[in-house]
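Some notes on the structure that comes next.
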Number of protein chains: 2
Amino acid sequence: MQKTLCQNCILQSDSAIKLIKNQLNDLTDHCSQVEFKPGEIIFKENAISTNVVYLKRGLVKIHTDNFSKDRILRLTKAPSYLCLPGVLGDSINRFSATTIEPTLACFIDIHVFKKFILENGDFAYQIILALSQNEIKSFQVSLNLAQKQANGRVADALLYFAREIYNSLVFLLPFSRQELGDWMGISRESVSRILGEFHSAHIIYQNGKEITILNEELLEQISQKG
Amino acid sequence: MQKTLCQNCILQSDSAIKLIKNQLNDLTDHCSQVEFKPGEIIFKENAISTNVVYLKRGLVKIHTDNFSKDRILRLTKAPSYLCLPGVLGDSINRFSATTIEPTLACFIDIHVFKKFILENGDFAYQIILALSQNEIKSFQVSLNLAQKQANGRVADALLYFAREIYNSLVFLLPFSRQELGDWMGISRESVSRILGEFHSAHIIYQNGKEITILNEELLEQISQKG
DNA sequence: GTGGTCATGTGATACATATCACAAATATCG
DNA sequence: CGATATTTGTGATATGTATCACATGACCAC
């Protein structure tokens, strides 16, 4: 049964495509698949992990509550590897991963994963490309946080959901106002106020978690100007 | 002459160690070494690049002036690869790199670099480890920027120089107050004021660009509390 | 239904930091 | 060496956002 599983993975993952036949057998033997409901924890920071997690389906937040307050660092949408770094450097997770939509995750033994990298240059190259792109995104996040003020960050977040996650100007916000604030580094109340302003100015329509972007161009300008 | 060069590189770079003999010859043929004075530009954002840059010696800032104002994203200290991402994904540099201390940089043809990854799993694995560590650092930078207020960020910056760059509590700041502000996302004036406060409180001694950390523990606390 | 919990909106206030304006110190260069 | 530009410090003010306090609304258990 698992054999078919990993074959299916091929269709979704650039990296998996590069795996050659006997590596796929290895994968099948050292890979287990788990279904998560929204809000479930995939792994916790400071826990030891010996797996690389590959997301087949769903949406996950990487976060930390090191400083008593929860801070959301990034969203990761399937299909994609989930935050390799913590697993590779040492075996301790530096951050927590919690699902925010129903998610299907594949746990791959880290030794098998490492073996693939060592044996298969194509696979390694795909991983390196993915990490490189992550790094550029991280830089952009840093820019946003360091430079923009609250309304620019909220505009950013809305455009991110519309463009990167849902591919639609109409979507259901998977976050509470609190979580949105934790993500963008602003307070719950400010998020409320800013969304309210956007609503009044007909830039968006909001009804609870239901969001419609009415004036994408203006929102983009607000995001740019900060 | 270049042959000896690349052999020397081996001593400094984990990745290079993993290169096998005929790959070293390749490297020697497709590698050129350049000396930079402080303040010189290694590459500029939006420029096309067909090289991976490896830093043999020196200190470099990765920055962008996309938004009319200069923003410093990261410092990279030799020995290390300099910001692979922009080069690998596409061939356009997303950010600029400017030296802040005398620097010796090695330009490696990107096709040769890619060939090494494809052919040599050990090399690829080292690159992946390095990128992974970068990612964790990026996360921490995001946390700092989103969560800490100005004095915490300045404390952070001072500890960073002392610990990561100079390995000494006494050092010469390679940045102007303006640059420090550009890096931590605060204004030049605030940097001045905060350094002044630290000085008055005997947490540091400052005399122009000359900095001495007098109370590392307290500085650490300020950094933690934000 | 009722009571309880949690998420949300909104006003008043406090606080941190940017901005502006200018003076002083320092570096740069002919 | 002097003239000019650049960097730095510091006060006054403006602005943005956190925080506090409380009211409202949604959801859930019983």
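Remark: P of dC22(D) and CZ of R188(A) are 14 Å apart, rounded to the nearest angstrom. L145(A) places its CG atom 15 Å from the C1' atom of dT17(D), with the value rounded to the nearest Å. For the pair N207(B) CG and dT7(D) C1', the interatomic distance rounds to 14 Å; values are reported in whole Å. If you take CD of E179(B) and P of dT8(D), they are 9 Å apart, rounded to a whole angstrom. We find that CG of L172(A) is positioned 15 Å from P of dA26(D), with the value rounded to whole Å. Atom CG in L180(A) sits about 13 Å away from atom P in dA18(D), given to the nearest Å. Here the C1' atom of nucleotide dA26(D) and the CD atom of E210(A) are 15 Å apart, to the nearest Å. In this structure, D182(A) places its CG atom 12 Å from P of dA18(D), rounding to the nearest Å.
Ring geometry for F171(B) against F161(B) counts as tilted: the plane angle lies between 30° and 60°, on a 0 to 90° scale.
Between H199(B) and Y205(B), the gap from one ring centroid to the other is short of 6.0 Å.
In this structure, G185(B) reaches the sugar-phosphate backbone alone: every heavy-atom distance under 4.0 Å involves primed, P, OP1 or OP2 atoms, never a base.
Side-chain polar atoms of E217(A) and Q221(A) form no donor-acceptor pair below 3.5 angstrom. With no hydrogens or angles considered, no side-chain donor-acceptor pair links N144(B) and Q140(B) at under 3.5 Å.
When DNA chain C is scanned in the 5' to 3' direction for atoms under 4.0 Å from non-hydrogen atoms of chain A, the outermost contacting nucleotides are dA7(C) to dA12(C).
The nearest heavy atom of DNA chain D to R193(B) and to S176(B) marks one nucleotide each, and the one closer to the 5' end goes with S176(B).
Listed by chain and number, the residues in a salt bridge (charged side-chain N to carboxylate O under 4.0 Å, His left out) with E45(B) amount to none (sequence neighbours excluded). With sequence neighbours left out, R193(A) forms a side chain to side chain donor-acceptor pair (under 3.5 Å) with no residue at all.
The two atoms that bring I62(A) and T76(A) nearest to each other are CG1-OG1, 4.1 Å, heavy atoms only.
Listed pair K209(B) / dT7(D) fails the phosphate criterion, with no side-chain N or O lying under 4.0 Å from OP1 or OP2.
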